[in-house]
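Values in this document were obtained by computation on a predicted structure and should not be read as measured data. In what follows, chains carry the letters A, B, and so on, assigned in the order in which the sequence lines appear, proteins first and then strands, with residues in each chain numbered from 1. FYI, side chains are in, hydrogens and waters are out, and symmetry mates aren't considered; it's all heavy atoms of this structure.
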There are 2 protein chains.
Amino acid sequence: MLIGELAEAVGLTSQTIRFYERRGLLPAPHRAANGYRAYDDSSVFRVLFIRSAQSAGLTLAEIGSIVGLRDHGDLPCTHVATLLHDKLDGVRARQAELASLEAELERLLARSRHLDPADCADSDGCHILTEPRRSGRGG
Amino acid sequence: MLIGELAEAVGLTSQTIRFYERRGLLPAPHRAANGYRAYDDSSVFRVLFIRSAQSAGLTLAEIGSIVGLRDHGDLPCTHVATLLHDKLDGVRARQAELASLEAELERLLARSRHLDPADCADSDGCHILTEPRRSGRGG
DNA sequence: ATAAACCCTTCACCGCACTACAACGTCAAG
DNA sequence: CTTGACGTTGTAGTGCGGTGAAGGGTTTAT
C-alpha cells in the first residue's frame, strides 16, 4: 500500500501521514526497493486510532505518549483514562470561561443598543468596550 | 512617561507595548532627544482600551480594525457591535462543540470503567478510544 | 521519448499573542 | 569610571496541527 493509498483510505493527505510519522505517531514503515513507503492494513487502523483520539480532544503529543507506552510494551489504558479525565477537566474549565465571555458579550451588546454613537467621538477606542470609569478597573 | 512607566501603569511589559505599536494598535509615540519613546496619560487609556477589547474576546487584528476606523476619522461603534455580535456567535458555536466533546469524553470514561485493560493487548492504540469493531463490520 | 502522476527529502510558513535574546546606546548614582 | 537599570533595534522562538513549495527520482501510459 502506497502512502497516497493509505491517505485516501483514511481521508487525509500524504503530507499528513508523513507528518504523523515524523511526530512519532506512526512507526517508520517498510520501504520498497525504490524507497517508497509500504503500508499494510494495520496502518489504516493506526491512523484511525489517531483520529479517534483527536476527536476525543487529545493533542498529537498526548496521542504520542499513548503510542509511546505501546512501543515500550506497556498497556496504555490507565494512562488514556488519566488523559481523558484531565481533558474533561480542561473542557469544563473552558466551558466556564466561555460562559462568562458569553455573558460579557451579551452585556456589551445590550449596552451598545442604548448607547449613542455620537457620544463615542471623544474616546480613544469605543465607548461600547470601555466602562464609564468611576475608579480604575481593567481586565 | 517612559515605556517602562507606561507598561507598569497598565500591568504589561515594555516589550508588549512595543509589540502593540508594531501591530498598529498604538500610534508611534513622540521621541525624546535620546530616542526614547515619550508617552502621555492618553496612552494609558489607549492601552486599557486594548485590554478591554481583548477581554471581550476580540483579537488584536480586530482591535486594530477598530483603531483603524478611528484613524480614518470614522466612528467605530457600528463596527464594534458587529464584531461583538460575530464573536458571540463564535463563542456559542464553540460552546456547542465543547458540550459535545464533554459528552464524548464522559462516554469514553464510562467505557473505560467497565473495560478490562487485559483486552487492550492486541490493539494498535487503546480500546477505550476505538469502538469495538468485530470482524468485518463496523463504522 | 515524453508527459502526467505518483513518490522522496528538507525547509519554510500559517495564525495567535506574546516572549526572549543579541548587541548596542543612555542615564543616574557611587 | 564603573555599575546597573533603563532604553533602542531586529530577529527568532513558543505551542498547535498541519500545509506548501523546492528540487529531485520513479512509474505508467502514449
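As rounded to whole Å, 8 Å separates atom C1' of D/dG17 from atom CD of A/Q54. Computed from coordinates, the A/L2 CG to D/dT27 P distance equals 10 Å when rounded to whole Å.
Looking at B/F45 and A/T130, their side chains never come closer than 4.5 Å, going by heavy atoms from C-beta outward. You'll find the side chain of A/E62 stays beyond 4.5 Å of the side chain of A/I66, heavy atoms only. For the pair A/L58/A/L84, a side-chain contact is recorded, criterion being any heavy-atom separation below 4.5 Å from C-beta on. For the pair A/V44 and A/Y39, the minimum side-chain heavy-atom distance is 4.5 Å or more. Within the 4.5 Å cutoff, the side chain of B/M1 has no heavy atoms near those of the B/S43 side chain. A heavy-atom distance below 4.5 Å is found between the side chains of A/L26 and A/I17.
Within 6.0 Å of CZ in A/R18 there are more than 12 heavy atoms belonging to other residues, nucleotides or ligands. Other residues, nucleotides and ligands place more than 12 heavy atoms under 6.0 Å from the CD atom of B/E5.
For B/R107, the salt bridge (Lys or Arg N to Asp or Glu O under 4.0 Å) partners two or more places apart in sequence, or in a different chain, are B/E104, B/E131. Listed by chain and number, the residues in a salt bridge (Lys or Arg N to Asp or Glu O under 4.0 Å) with A/R92 are B/E102, B/E106 (sequence neighbours excluded).
Within the structure, side-chain hydrogen bond (donor to acceptor under 3.5 Å, both in side chains) contacts touching residues 21-35 of chain B (residues at least two apart or in different chains) are B/E21-B/R37. Residue pairs meeting the salt bridge (charged side-chain N to carboxylate O under 4.0 Å, His left out) criterion with at least one member in residues 41-56 of chain A, sequence neighbours excluded, are A/R46-B/D124.
Contacts with DNA chain C (heavy atom under 4.0 Å) in residues 34-41 of chain A: A/G35, A/Y36, A/R37, listed by number. Of the residues in residues 86-107 of chain B, none has a non-hydrogen atom less than 4.0 angstrom from any atom of DNA chain C. At a non-hydrogen distance threshold of 4.0 Å, A/T13, A/T16, A/F19 from residues 7-19 of chain A come into contact with DNA chain D. Near DNA chain D, meaning a heavy atom under 4.0 Å from it, residues 55-64 of chain A has A/T59, A/L60 in order of number.
Taking each heavy atom of B/T13 and B/A7 in turn, the nearest pair found is C-CB, 3.6 Å.
Residue A/S112 holds its OG atom at 4.5 Å from CD1 of A/I128, rounded to the nearest 0.5 Å. Interatomic distance, OG of B/S14 versus CD1 of B/I3, reported as 5.0 Å (0.5 Å rounding). Rounded to the nearest 0.5 Å, atoms CG (A/D116) and SG (B/C77) are 8.5 Å apart. If you take CG on B/L12 and CG on B/L6, they are separated by 8.0 Å, rounding to the nearest 0.5 Å. To the nearest 0.5 angstrom, A/Q54 atom CD is 9.0 Å from A/T59 atom OG1.
The overall bend of the helix from C/dA1-D/dT30 to C/dG30-D/dC1, read as the angle between its terminal helix axes built from five base pairs each, is 40° when rounded to 10 degrees.
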At a cut-off of 3.5 Å, list every protein nitrogen or oxygen paired with a nitrogen or oxygen from nucleotides 10-12 of chain D, distance to 0.1 Å.
none

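Other cluster members for B/L2: B/Y36, joined by side-chain heavy-atom distances under 4.5 Å among Ile, Leu, Val, Met, Phe, Trp and Tyr.
Here chain B contacts DNA chain C (any atom closer than 4.0 Å to a heavy atom, that is under 4.0 Å), and the contacts span C/dA17 to C/dC27 from 5' to 3'.
A/L115 and B/L69 fall into different hydrophobic clusters, where Ile, Leu, Val, Met, Phe, Trp and Tyr side chains are chained together by heavy-atom contacts under 4.5 Å.
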